[in-house]
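Reading through the structure tokens given below for one structure.
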Amino acid sequence: MTTKESDALEPADPMKLRDRSTLKDALIKRAEGKQRDKHKNIETQIKLSVFFFSAAADGRTARKTYDLVLRSAIVAEEEGLYALWAPERHFDPFGAPFPDPALLLAAVAAKTSSLRLRAGSVVLPLHDPLEVAERWGSLQEISGGRVGVSFATGWNKRDFVTRPLAYAHRREQLMQDIEAVRALWRKELTTRVGPEGETFQVQAYPAPTSEIPLWLTSSKSAATWGAAHRHGANLLTAVLEQGLDQVLERTRTVRRNGYGGEITLMMHAGLQENPQLALEAARDPLGVYLRQHMAMYAAGGLPAGIDVNSVSAEDQEALLMHGVNRYMNESGLFGSAETNYGRVLNMQTAGVTELACLVDFGGEEEAIIATIRELGRLQRQLADARG
């Protein structure tokens with residue numbers, strides 16, 4: 001008979017049972033404490049950031065857009081917001097001011113000291129990993145370690161006119177290229193072929209002296225969420241092709257399965273202290289913005305597979321109005337800090353760690369600045385609730 005079997009057959013000793021119960025309780029509490037520590041930032045801290053993605057057709061010149069971004073960055077930092085996100089866009093009026101997020105964020109770095117600088121997203125299949133490693137490694141040093149990059153496969157065929165052969169295999173290539181960039185940031189050498197067929201061992205300079213956090217961009221693909229978990233990357237997602245309830249359910253699921261990375265959710269935001277004024281100020285510009293978005297899809301192909309050009313003008317208007325109402329009532333932050341507090345708290349509880357708020361969808365500059373200040377007020381309300 002083994003010791004364990006013998007113990008099991010012994011008469012119950014109250015002192016032993018109490019000791020075992022105490023030990024069991026201690027182990028349970030220890031495990032629960034570790035779990036709380038692992039997800040402490042997930043359960044108690046949600047960060048609010050600003051995101052820029054304006055269209056050239058919104059009436060602002062590129063110069064005015066850049067001035068607005070810099071002014072917004074200063075205000076965001078004053079208000080204690082977390083980061084400023086900028087996209088990579090090419091060859092289309094929608095997002096036209098943003099062909100090079102690193103260049104714009106370098107200007108933001110010069111105007112700020114604590115605001116994080118985020119790219120959402122770098123379309124990695126459009127670039128050589130060596131160039132990406134150098135560009136963002138440089139910005140990491142310029143900014144004092146405030147950089148983060150989200151990588152995406154890309155979807156718009158027109159974006160790939162500079163690298164047409166990369167389009168077909170962009171999904172398979174993405175993770176390989178991400179690992180190549182990471183290796184270069186670790187100062188590892190890569191082998192490249194020179195102009196006369198000779199081989200060179202190449203290192204990217206400058207190597208960042210602090211780690212650059214990485215995100216994967218996912219519009220709705222569950223496979224991308226899984227890849228982020230496997231490769232130790234954060235997630236950047238949105239409510240463009242999925243509802244907020246779907247995003248939050250998926251967030252809860254991956255948290256239960258042990259995913260501990262950042263989950264950053266992009267949302268349109270139009271806020272003021274007076275919620276009715278905020279709604280009135282945002283409705284028409286949001287409609288124009290979504291119309292421009294639809295035009296981009298008509299030119300480049302809709303990821304969801306809808307042929308916009310086959311939809312009648314009347315049905316397009318109905319889709320636009322549906323989109324405006326959906327964003328303003330369900331899938332955005334519109335109104336005031338108070339009217340959105342519960343919704344943000346719900347996202348925080350689900351496991352979202354950051355809201356990247358798209359603020360530049362065509363409203364007046366002062367309305368955009370008011371939104372950023374109201375986001376700061378909302379951030380402070382959330383902090384006060386945590387004590």
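Throughout, numbering of the chain's residues begins at 1 and tracks the sequence. All heavy atoms count here, side chains included; hydrogens, waters and symmetry mates do not. It should be emphasised that the depicted structure is a prediction, and the values quoted were computed from it without experimental measurement.
Side-chain atoms of S114 and E77 include a donor-acceptor pair closer than 3.5 Å. T237 and S218 are not linked by any side-chain donor-acceptor pair at a separation below 3.5 angstrom, with hydrogens and angles left out of the test.
Note on I74: it does not cluster hydrophobically with F52, by side-chain heavy-atom contacts below 4.5 Å among ILVMFWY residues. A single hydrophobic cluster is seen to contain both V75 and L355, as judged by linkage of ILVMFWY side chains at heavy-atom distances under 4.5 Å, directly or through other members. Residues I368 and L104 are members of one and the same hydrophobic cluster, defined by side-chain heavy-atom contacts under 4.5 angstrom among Ile, Leu, Val, Met, Phe, Trp and Tyr. Cluster annotation: L378 is connected to I369 through the hydrophobic network of ILVMFWY side chains, with a link wherever side-chain heavy atoms come within less than 4.5 Å.
Salt-bridge annotation for R373 and E78: present, with a side-chain N of the basic residue lying under 4.0 Å from a carboxylate O of the acidic one. Here E365 pairs with R71 in a salt bridge; the nearest charged N to carboxylate O distance falls below 4.0 Å. Electrostatic pairing of E262 and K47 counts as a salt bridge here, judged by a charged N lying under 4.0 Å from a carboxylate O. Between D67 and R63, at least one side-chain nitrogen of the basic residue sits less than 4.0 Å from a carboxylate oxygen of the acidic one, meeting the salt-bridge criterion.
Put simply, the side chain of Q379 never gets that close to the backbone of G80: no donor and acceptor are under 3.5 Å apart. Judged by distance alone, the side chain of R146 and the main-chain N or O of T112 form a donor-acceptor pair under 3.5 Å. Looking only at distances, no side-chain donor or acceptor of E88 sits under 3.5 Å from a matching main-chain atom of G120.
In this structure, CG in L216 is found 9.5 Å from CG in L236, a value given to the nearest 0.5 Å. To the nearest 0.5 angstrom, L105 atom CG is 10.0 Å from F98 atom CZ.
For the salt bridge (charged side-chain N to carboxylate O under 4.0 Å, His left out) test, no residue two or more places apart in sequence or in another chain qualifies with E141. Residues satisfying the ring-ring contact (aromatic ring centres under 6.0 Å, His included) test with Y167, not counting sequence neighbours, are F160.
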Inset, instruction - Evaluate side-chain contact (heavy atoms from CB on, under 4.5 Å) for E273 paired with S336, printing each intermediate quantity in order. - result: CA-CA 5 Å; E273 285 196 43; S336 67; 5.8 Å; no

Legend entry - Residues E188, R182; criterion salt bridge (charged side-chain N to carboxylate O under 4.0 Å, His left out); working and verdict: CA-CA 9 Å; E188 295 180 18; R182 282 173 159 169; over 6 Å; no

Legend entry - Check against side chain to side chain donor-acceptor pair (under 3.5 Å), T264 and R118: CA-CA 11 Å; T264 301; R118 303 291 191 243; over 6 Å; no

Inset, instruction - Would you please test R192 and D128 for side-chain contact (heavy atoms from CB on, under 4.5 Å) and show each step? - result: CA-CA 11 Å; R192 292 300 181 94; D128 188 310; 2.8 Å; yes

Inset, instruction - Check the pair V50 / S72 against side-chain contact (heavy atoms from CB on, under 4.5 Å), numbers first and verdict last. - result: CA-CA 9 Å; V50 293; S72 298; 5.6 Å; no

Inset, instruction - List the steps, then state whether salt bridge (charged side-chain N to carboxylate O under 4.0 Å, His left out) holds for E79 with R377. - result: CA-CA 8 Å; E79 293 292 334; R377 198 162 73 88; over 6 Å; no

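Counting non-hydrogen atoms of other residues, nucleotides and ligands closer than 6.0 Å to CD of E211 gives a total of 12 or fewer. H169 NE2: 12 or fewer foreign heavy atoms inside a 6.0 Å radius.
When side chains are defined from C-beta on, M347 does not count as touching T251, because their heavy atoms never get closer than 4.5 Å.
For the pair L235 and T224, the tightest heavy-atom approach, listed with the atom from each and the gap, is CD2-O, 4.2 Å.
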Donor-acceptor contacts under 3.5 Å from residues 130-139 side chains, at least two apart:
residue: S138; atom: OG; partner: E134; partner atom: O; Å: 2.8

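Using cut-offs of 30° and 60° on the angle between ring planes, the pair W215 and W85 is perpendicular.
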